[in-house]
Amino acid sequence: MAKATEQKQDSHTVEVTKLDIRDVVTTATTYGEDSRHGGRRIDVAMFMLRAMCMAASAVAVSLMVTARETSMTTLYGFEFQLNAVWSLSDSLIYLVVVSSATVIYSLLQLVISGTRLWRRSPVIPTRTQAWFCFVADQILGYAMVSGGSAALGVTNMNRTGIRHMPLPNFCKSLGFFCDHLAISVVFALFAFLLLAPSSILDVLSLSRYQ
């Protein structure tokens with residue numbers, strides 16, 4: 001009787017093991033089929049977009065925090081010293097903050113994506129993570145475009161002055177400062193353009209789990 005019970009338990013264990021192996025094979029096969037239908041290409045594209053977004057945001061931050069210059073200018077016949085520093089403008093500080101947040105977020109996503117690609121597993125394995133990435137990309141994208149627009153207004157005012165007021169073109173005396181601001185804004189807006197297709201890929205990842 002005991003032997004019969006042991007044999008039943010052994011057969012039950014074998015059946016469970018076969019079922020578990022079958023589940024693993026099914027999961028691997030599903031990802032393999034998903035790869036043939038473009039899933040793998042979507043993951044690689046997402047990895048590349050993360051890398052480019054991180055690089056663009058890092059360049060935007062580095063250019064902005066090094067934007068400082070001291071020069072002399074003449075106004076109404078008097079000579080004044082100009083001391084331009086990015087941290088004196090709330091708009092420029094905001095751009096540095098959101099660009100830094102984008103760098104950190106993109107770096108984390110890049111590490112996670114690279115690890116999963118190396119293991120040949122889906123970059124976004126669950127529907128919850130796909131929703132998280134989509135919402136995060138949307139928030140950071142809008143933050144980057146708003147920060148870039150605000151900083152662009154400051155840069156444009158430095159170059160043209162204020163309408164109806166006889167203020168000079170400060171960028172004639174602060175060329176290094178203004179050039180750094182302008183290039184930083186360009187890279188920030190470029191990072192936004194990279195976050196936009198990332199959101200589209202997030203939607204495609206969501207479609208896998210319908």
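All heavy atoms count here, side chains included; hydrogens, waters and symmetry mates do not. Since the model is a prediction, treat every value here as computed from it, not as a measurement.
- Nearest heavy-atom pair, V185 versus G148, reported as atom, atom and distance to 0.1 Å: CG1-O, 3.5 Å.
- The shortest distance between side-chain heavy atoms of M46 and I124 falls below 4.5 Å.
- Side-chain contact check for R116 versus P125: some heavy-atom pair is nearer than 4.5 Å.
- Under the 4.5 Å side-chain criterion, counting only non-hydrogen atoms from C-beta, L92 is not in contact with S87.
- Grouping the Ile, Leu, Val, Met, Phe, Trp and Tyr side chains by contacts below 4.5 angstrom, directly or via other members, places V65 apart from I183.
- When S89, S146, S99 are each tested for a side-chain contact (heavy atoms from CB on, under 4.5 Å) with Y94, only one passes: S146.
- Pairs passing the ring pair (Phe, Tyr, Trp, His ring centres under 6.0 Å) check and including a residue from residues 180-206, sequence neighbours excluded, read F176-H180.
- Using a 4.5 Å heavy-atom cutoff, the side chains of V85 and L88 are in contact.
- You'll find the side chain of R50 reaches within 4.5 Å of the side chain of D137, heavy atoms only.
- Note on M144: it does not cluster hydrophobically with L108, by side-chain heavy-atom contacts below 4.5 Å among ILVMFWY residues.
- Within the 4.5 Å cutoff, the side chain of S106 has no heavy atoms near those of the L110 side chain.
- Taking all atoms of both residues into account, the shortest heavy-atom contact from V123 to S113 is CG1-OG, 3.3 Å.
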**Study point:** Working for side-chain hydrogen bond (donor to acceptor under 3.5 Å, both in side chains), residues Y105 and S57
**Key:** CA-CA 11 Å; Y105 169 75; S57 302; over 6 Å; no

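- Between the side chain of T66 and the backbone N or O of L63 there is at least one donor-acceptor pair closer than 3.5 Å.
- A distance of 13.0 Å separates CG in L140 from CG in L194, rounded to the nearest 0.5 Å.
- Note that CE of M54 is 5.5 Å distant from CG of L107, once rounded to the nearest 0.5 Å.
- At a threshold of 4.5 Å between non-hydrogen side-chain atoms, the residues D43 and L117 count as touching.
- The cluster map of Ile, Leu, Val, Met, Phe, Trp and Tyr, joined by side-chain heavy atoms under 4.5 Å apart, puts L189 and W86 in the same cluster.
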